[in-house]
Amino acid sequence: MIDLHDLRERPEEYQRTCQNKGIKVDVAAFLKLDAEYRKSRADFESMRASQNAVSKEIPKLSGAEKEAKLAEMKGLAEKLKEATSTLKELEEQWQKQQLLLPSIPLPQVPVGKDDSENVFSRAWGEVPKPSFDLRDHIRLGKELDLFDVERGVKIAGTRSYFLKGDGMRLQHAVMSLALDLLHKSGYTLMDPPHIVNWNAMMGTSYFPGGEEMAYHLDQRDDGYYLIGTSEVPVASFHAEEILAQEELPKRYAGYSPCYRREAGAYGKDTAGLYRVHQFYKVEQVVLCRADADESMRMHQELLGNAEKLMQLMELPYRVVEVCTGDMGQGQVYKNDIEAWMPSRKAYGETHSCSSFYDFQARRLNTRYKDGNGKNVFCYTLNNTLVASPRILIPLLENHQNADGSVTIPKALRPYMAGQEVIVPKS
RNA sequence: GGAGAGAUGGCUGAGUGGUUUAAGGCGCCAGUUUUGAAAACUGGAGAUCGGUUCGCCGAUUCAAGGGUUCGAAUCCCUUUCUCUCCGCCA
């Protein structure tokens, strides 16, 4: 949701954003509806005002005088009923359409049509150039007995898997390291609800628009959805609240399974653990003051935390500036982190760091009292800290050895009972 | 799953059709008093939207939505949530 005063001030800017973000919204048409809606509302309110005024007089009257007034009011009540229904109709349309309006990206965001036009920013780590033939994570998974996709598909359909043995232990180790890292950095760890209502999906701006991506509970529990990320419940945590300025920034780390239908991704990344229906993720969520500098500081902090974890896991990665066409409706600034995946001979997206300014907070109605006692919408941000099993791909592939074993990065060993290497079963 | 009771401002809590413009209390803010504080006294204060001559004016808001009525916190219907008891259960 955006500030409609701002939209009325500079509609061209919003229309251009729609083009840049690839969103099909006609701003001029919305403004026309907006004017109509406000006119209808003014009409309704003035009728209501006169009704309220007369209602106060009626109990003081009696006899014929009272009868006359009542008859008169009956006519007004009918007109009001009509006015109410047109207002309701307009309001419904207005509400629906304003949820589709995008926020304007920061000036430094590159304009582009899709992820092919994202801009490389910087890289960390050495891309391995081994003297032996590299195995991909699927082969490593088989030889080291880390996961079983065939049986996953047997039990739960495409894009399903079992993690087992050291595969499961490795994932658990990654999550533990990740949670410890954020705990030490002062983040509040959270295990949130995995099933949420429509308001939470709308408030975090996944709905409307992302319905096809979410698992929707059946008629018996209609109106509830499986989360695709803990950002949804965690960012909604303070919905409808007014916080004190001193409490900000709020730093949260949500840990949860994530469920995604991956509709529209048929045939894409079908092999292995890259794109699956269910995965685990530690997600960083921040609520801060409505201040551009503060928001950017927090953005860099979130990005820095993710980079630190990548470095602890000794994984080569790069950071990209995401272009307008690859941004969401509400995001104003976004960086992806991509890990080097030898089997793809390419970097693959593992993290997504987003600044929303007040876009989500307006939908969620999360505010704070500023220094002047005024209620102001918070700014929100979020970034992946780590998601698994996708992270197992670079982890296994980058750390493999000529004999088919995989070396466990030092930082993970304490979480795997000191184990240093995963060796083939044979 | 069965039976019952509820949802009122920051909190507590009255209010069963019209001076309720939501009482009273607690907490909060300001002033008086005080060396300062406390206490006492006096006054003030919710949120959202629209309009505005920037003084204000109007509408909405008593869980949510609909209905009855000239008029609804109050009556009716639906939904959501909370609590108590019973059943089931990791």
Side-chain angles (χ1 to χ4, degrees), chain A residues 1-9 30-99 101 191-203 207 216-225 233 236-247 257 290 358-378:
Chain A
M1 193 179 292
I2 58 164
D3 180 359
L4 292 179
H5 296 101
D6 190 44
L7 179 80
R8 289 165 195 145
E9 293 278 309
F30 175 79
L31 283 176
K32 204 178 144 208
L33 175 67
D34 179 54
E36 235 178 293
Y37 166 61
R38 283 192 291 167
K39 168 78 169 56
S40 163
R41 195 190 176 99
D43 289 348
F44 166 83
E45 286 183 4
S46 69
M47 285 167 88
R48 201 75 165 101
S50 56
Q51 188 184 54
N52 285 344
V54 176
S55 284
K56 263 179 216 165
E57 298 304 314
I58 285 180
K60 295 178 193 160
L61 303 174
S62 61
E65 214 181 354
K66 185 167 184 174
E67 291 309 312
K69 260 300 185 231
L70 286 183
E72 188 190 324
M73 283 296 99
K74 198 155 184 133
L76 181 60
E78 259 162 50
K79 275 194 216 160
L80 232 161
K81 208 164 189 170
E82 245 174 77
T84 307
S85 77
T86 40
L87 179 63
K88 277 270 144 61
E89 229 167 89
L90 281 168
E91 185 168 31
E92 207 174 299
Q93 285 180 49
W94 180 85
Q95 189 64 33
K96 224 168 164 176
Q97 289 190 29
Q98 67 138 348
L99 285 178
L101 295 163
D191 178 357
H194 308 161
I195 301 170
V196 299
N197 59 24
W198 186 87
N199 265 343
M201 297 298 282
M202 182 279 290
F207 290 0
H216 177 180
L217 271 58
D218 76 3
Q219 303 90 309
R220 296 168 68 190
D221 295 294
D222 194 25
Y224 288 89
Y225 306 84
S236 303
F237 187 69
H238 291 292
E240 308 294 335
E241 293 182 22
I242 300 174
L243 305 168
Q245 185 168 247
E246 306 81 66
E247 301 176 65
D358 61 0
F359 187 85
Q360 289 182 318
R362 282 176 180 276
R363 291 179 168 223
L364 293 164
N365 199 19
T366 304
R367 294 171 290 171
Y368 68 96
K369 250 187 214 317
D370 73 4
N372 305 316
K374 273 194 70 174
N375 294 336
V376 182
F377 290 107
C378 299

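Just so you know, these numbers come straight off a predicted model, no measurement behind them.
- Taking the C1' atom of each, A47(B) and G10(B) are spaced 12 Å apart, rounded to whole Å.
- The pairing partner recorded for U20(B) is none, the criterion being a Watson-Crick or G-U wobble arrangement whose two distances lie under 3.5 angstrom.
- Q245(A) and D370(A) get closest at one heavy-atom pair: OE1-CA, 3.8 Å.
- Classification of the F207(A)-W198(A) ring pair by plane angle, with boundaries at 30° and 60°, yields tilted.
- When heavy atoms are screened at a 4.0 angstrom cut-off, K39(A) is found touching no nucleic acid atom at all.
- For the pair Q51(A) and G71(B), the criterion of a side-chain N or O lying under 4.0 Å from OP1 or OP2 is met.
- Close to A47(B), at under 4.0 Å from its OP1 or OP2, lies no side-chain N or O of R367(A).
- What separates CD of E72(A) from P of U69(B) is a distance of 19 Å, to the nearest Å.
- When each of U68(B), G50(B), U80(B) is scored by its nearest atom to the side-chain atoms of Y224(A), the top-ranked nucleotide is U80(B).
- Across all strands shown, the partner of C49(B) is G58(B), judged by Watson-Crick or G-U wobble contacts whose two distances both fall under 3.5 Å.
- The side chain of S55(A) lies closest to G18(B), out of A47(B), U80(B), G18(B).
- If you check A14(B) for Watson-Crick or wobble pairing at under 3.5 angstrom, you find it has no partner at all.
- Checking the phosphate oxygens (OP1, OP2) of G58(B), no side-chain nitrogen or oxygen of N52(A) falls inside 4.0 Å.
- G27(B) and G15(B): their P atoms are spaced 24 Å apart (whole Å).
- Nucleotide U69(B) holds its C1' atom 12 Å from the CD atom of E78(A), rounded to whole Å.
- Annotation for F30(A) and L101(A): closest pair CE2-CD1, 3.8 Å, computed over non-hydrogen atoms.
- As the counterpart of U69(B), no nucleotide is assigned, since no Watson-Crick or G-U wobble pattern has both distances under 3.5 Å.
- In this structure, the CD1 atom of I58(A) is 13 Å from the C1' atom of G17(B), given to the nearest Å.
- Residue K374(A) contributes atom NZ, which lies 15 Å from atom P of G46(B) at whole-angstrom precision.
- The partner of U33(B) is absent, by the rule that a Watson-Crick or G-U pair needs both atom distances under 3.5 Å.
- By the neighbour-count criterion of 12 heavy atoms within 6.0 Å, atom CD of E82(A) is sparsely surrounded, having that number or fewer from other residues, nucleotides or ligands.
- Put simply, the side chain of D358(A) never gets that close to the backbone of R362(A): no donor and acceptor are under 3.5 Å apart.
- Both distances falling under 3.5 Å, in either a Watson-Crick or a G-U wobble arrangement, place G44(B) opposite C28(B).
- Remark on RNA chain B: of its neighbouring residues K66(A) and S50(A), the 5'-side contact belongs to K66(A), judged by nearest-heavy-atom nucleotide.
- Residue I242(A) is the one, among I242(A) and S46(A), whose nearest nucleotide of RNA chain B lies closer to the 5' end (criterion: closest heavy atom).
- A close approach under 4.0 Å does not occur between any side-chain nitrogen or oxygen of R41(A) and OP1 or OP2 of C49(B).
- With P as the reference atom, U74(B) and U84(B) are 27 Å apart, rounded to whole Å.
- Here the closest heavy-atom approach between residue M1(A) and residue R363(A) is recorded as N-NE, 2.9 Å.
- Which of C70(B), U60(B), U68(B) sits closest to the side chain of R48(A) comes down to U60(B).
- Going from the C1' atom of G24(B) to that of G13(B) covers 8 Å, rounded to whole Å.
- Remark: side-chain polar atoms of S40(A) are not paired, donor with acceptor, to backbone N or O of E36(A) under 3.5 angstrom.
- Following rounding to the nearest Å, L4(A) (CG) and G51(B) (C1') show an atom-to-atom distance of 17 Å.
- Taking 3.5 Å as the limit, the base of G58(B) and the side chain of E45(A) contain a donor-acceptor pair of atoms between them.
- Taking side-chain N and O atoms only, K88(A) has a distance below 4.0 Å to OP1 or OP2 of G66(B).
- Pairing for A5(B) is with U82(B), a Watson-Crick or G-U wobble pair whose two hydrogen-bonding atom distances lie under 3.5 Å.
- Phosphate proximity of G50(B) to H5(A): present, with a side-chain N or O under 4.0 Å from OP1 or OP2.
- Side-chain atoms of E240(A) and N365(A) include a donor-acceptor pair closer than 3.5 Å.
- Nucleotides C54(B) and G18(B) have their C1' atoms positioned 35 Å apart, rounded to a whole Å.
- Rounded to whole angstrom, the span from the CD atom of E57(A) across to the P atom of U21(B) amounts to 12 Å.
- Relative to the side chain of R38(A), the nucleotides A59(B), C70(B), G50(B) differ in distance, and G50(B) lies closest.
- Here C89(B) sits opposite no nucleotide as a Watson-Crick or G-U wobble pair (both hydrogen-bonding atom distances under 3.5 Å).
- Using a 90° window around 0 for the glycosidic torsion, G31(B) falls outside it and is classed as anti.
- A64(B) and C11(B): their P atoms are spaced 14 Å apart (whole Å).
- R48(A) and E45(A) are not joined by a salt bridge, as no carboxylate oxygen comes within less than 4.0 angstrom of a charged side-chain nitrogen.
- K369(A) has no side-chain polar atom (N or O) that falls below the 4.0 Å cut-off from OP1 or OP2 of G46(B).
- Residue-level contact check: R362(A) touches neither bases nor backbone, having no heavy atom under 4.0 Å from any strand.
- For the C1' atom pair drawn from A5(B) and A63(B), the interatomic distance equals 16 Å after rounding to whole Å.
- Distance check on atom C1': A90(B) versus G6(B) gives 30 Å, rounded to whole Å.
- Within the 4.0 angstrom heavy-atom criterion, only backbone atoms of the sugar-phosphate kind lie near A49(A); the bases stay farther away.
- When rounded to the nearest whole Å, the span between CD of E89(A) and P of G65(B) equals 18 Å.
- At the phosphate of C70(B), OP1 or OP2 sits under 4.0 Å from a side-chain N or O atom of K74(A).
- The distance from atom CD of E240(A) to atom P of U48(B) is 12 Å, rounded to the nearest whole Å.
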